[in-house]
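See below for the structure under consideration.
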Amino acid sequence: MQSYSFTATECRMQKEESEGSPDVYTLGLADKGPDPEHYIILQQASDLDEEDAALGMDDAYFVSSFFEGDGYGVVQGYALEPGKLALHFTREHAPTLGYDTVEVRFADHVVDVEELRDFLATTIGIPAL
């Protein structure tokens, strides 16, 4: 299988609070500012229950501008190093996506690597590989 790659000039990590609903954590990576050609969004709710697990909605939600396979449980794990993030897709989703990995290179000063590592591991809940 192949890897897809792009360079992110934007990185957003945020918590969306909603009264009466679980908080939603969002990671967005994109090129070209407000109307990106390439982007990835990962979302995870703060409170998950048995119903979420039964529906398969207890993993991070993945959506992008360049794959048709968005949904829950798409990302198996990640590898992060200065200047680059690799998201590895599950065996179930890789054939549909046509790639087993997406590599996001970071433009200078786009992201603090340790902050991103913490956000992915503890907030979004994706394991390091």
Side-chain angles (χ1 to χ4, degrees):
M1 257 284 161
Q2 297 181 6
S3 177
Y4 187 89
S5 65
F6 73 96
T7 299
T9 58
E10 300 281 335
C11 176
R12 306 284 170 141
M13 294 175 269
Q14 66 185 39
K15 175 182 177 181
E16 299 170 34
E17 298 178 8
S18 175
E19 194 170 318
S21 298
D23 297 337
V24 176
Y25 298 96
T26 303
L27 168 65
L29 301 166
D31 65 1
K32 299 187 192 175
D35 191 21
E37 180 180 345
H38 301 98
Y39 65 83
I40 291 173
I41 299 170
L42 288 168
Q43 290 186 318
Q44 181 69 17
S46 61
D47 297 321
L48 300 171
D49 58 25
E50 292 175 15
E51 184 178 355
D52 294 324
L55 295 171
M57 297 170 52
D58 54 339
D59 289 320
Y61 188 80
F62 171 87
V63 65
S64 76
S65 60
F66 43 88
F67 297 131
E68 293 183 23
D70 50 310
Y72 294 94
V74 174
V75 178
Q76 175 183 359
Y78 73 92
L80 181 62
E81 57 188 65
K84 183 174 74 172
L85 168 68
L87 295 175
H88 300 274
F89 302 127
T90 63
R91 287 189 184 114
E92 176 186 345
H93 290 90
T96 303
L97 298 169
Y99 300 97
D100 55 3
T101 305
V102 62
E103 292 183 359
V104 182
R105 294 177 305 278
F106 299 115
D108 290 340
H109 309 292
V110 168
V111 66
D112 177 299
V113 172
E114 291 308 315
E115 183 181 0
L116 179 56
R117 184 182 323 277
D118 183 58
F119 196 81
L120 284 167
T122 61
T123 306
I124 300 291
I126 297 172
L129 298 176

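The minimum heavy-atom distance linking Gly73 with Thr90 is given by the pair O-CG2, 3.2 Å. Scanning all heavy atoms of the two residues, the minimum distance from Asp70 to Val63 falls at CB-CA, 3.5 Å. Taking each heavy atom of Val113 and Glu81 in turn, the nearest pair found is CG2-O, 4.3 Å. Nearest approach of Lys84 to Leu80, heavy atoms of both residues: O-CD1, 3.4 Å. When all heavy atoms of Ala8 and Leu29 are compared, the closest pair comes out as CB-CB, 4.4 Å. The two residues Asp112 and Glu115 come nearest to each other via the heavy atoms OD1-N, 2.8 Å.
Leu27 and Leu129 are assigned to two separate hydrophobic clusters, defined by single-linkage of ILVMFWY side chains at heavy-atom distances under 4.5 Å. Residues Tyr99 and Phe66 share a single hydrophobic cluster, defined by chaining ILVMFWY side chains whose heavy atoms lie under 4.5 Å apart.
For the pair Val104 and Thr7, the minimum side-chain heavy-atom distance is 4.5 Å or more. Residues Glu103 and Thr101 form a side-chain contact, since some pair of their non-hydrogen atoms from C-beta on lies under 4.5 Å apart. Within the 4.5 Å cutoff, the side chain of Ser5 has heavy atoms near those of the Arg105 side chain.
Side-chain atoms of Ser65 and His38 include no donor-acceptor pair closer than 3.5 Å. With hydrogens and angles left out, the side-chain atoms of His93 and Thr96 include no donor and acceptor closer than 3.5 Å.
A ring pair (Phe, Tyr, Trp, His ring centres under 6.0 Å) with Phe89 is found for exactly one of Tyr78, Phe67, Tyr4, namely Phe67. Thr26 pairs with exactly one of Lys15, Glu16, Arg12, Gln14 by the side-chain hydrogen bond (donor to acceptor under 3.5 Å, both in side chains) rule, that one being Glu16.
Tyr25 OH to Leu120 CG: the interatomic distance, rounded to the nearest 0.5 Å, is 14.0 Å. We find the CE-CG distance between Met13 and Asp118 to be 9.5 Å, quoted to the nearest 0.5 Å. A distance of 11.5 Å separates CD in Gln76 from CG in Leu87, rounded to the nearest 0.5 Å. For the atom pair CG (Asp31) and CD (Glu37), the distance works out to 6.0 Å, reported to the nearest 0.5 Å.
The closest donor-acceptor contact from the side chain of Asp100 to the backbone of His88 lies at 3.5 Å or more, if one exists at all. Thr9 contributes a side-chain N or O that, together with a main-chain N or O of Lys32, makes up a donor-acceptor pair within less than 3.5 Å.
Every residue meeting the ring-ring contact (aromatic ring centres under 6.0 Å, His included) condition with Tyr61, not counting sequence neighbours, appears here in chain and number order: Tyr72.
Between Tyr39 and Phe6, the ring center distance fails the sub-6.0 Å criterion.
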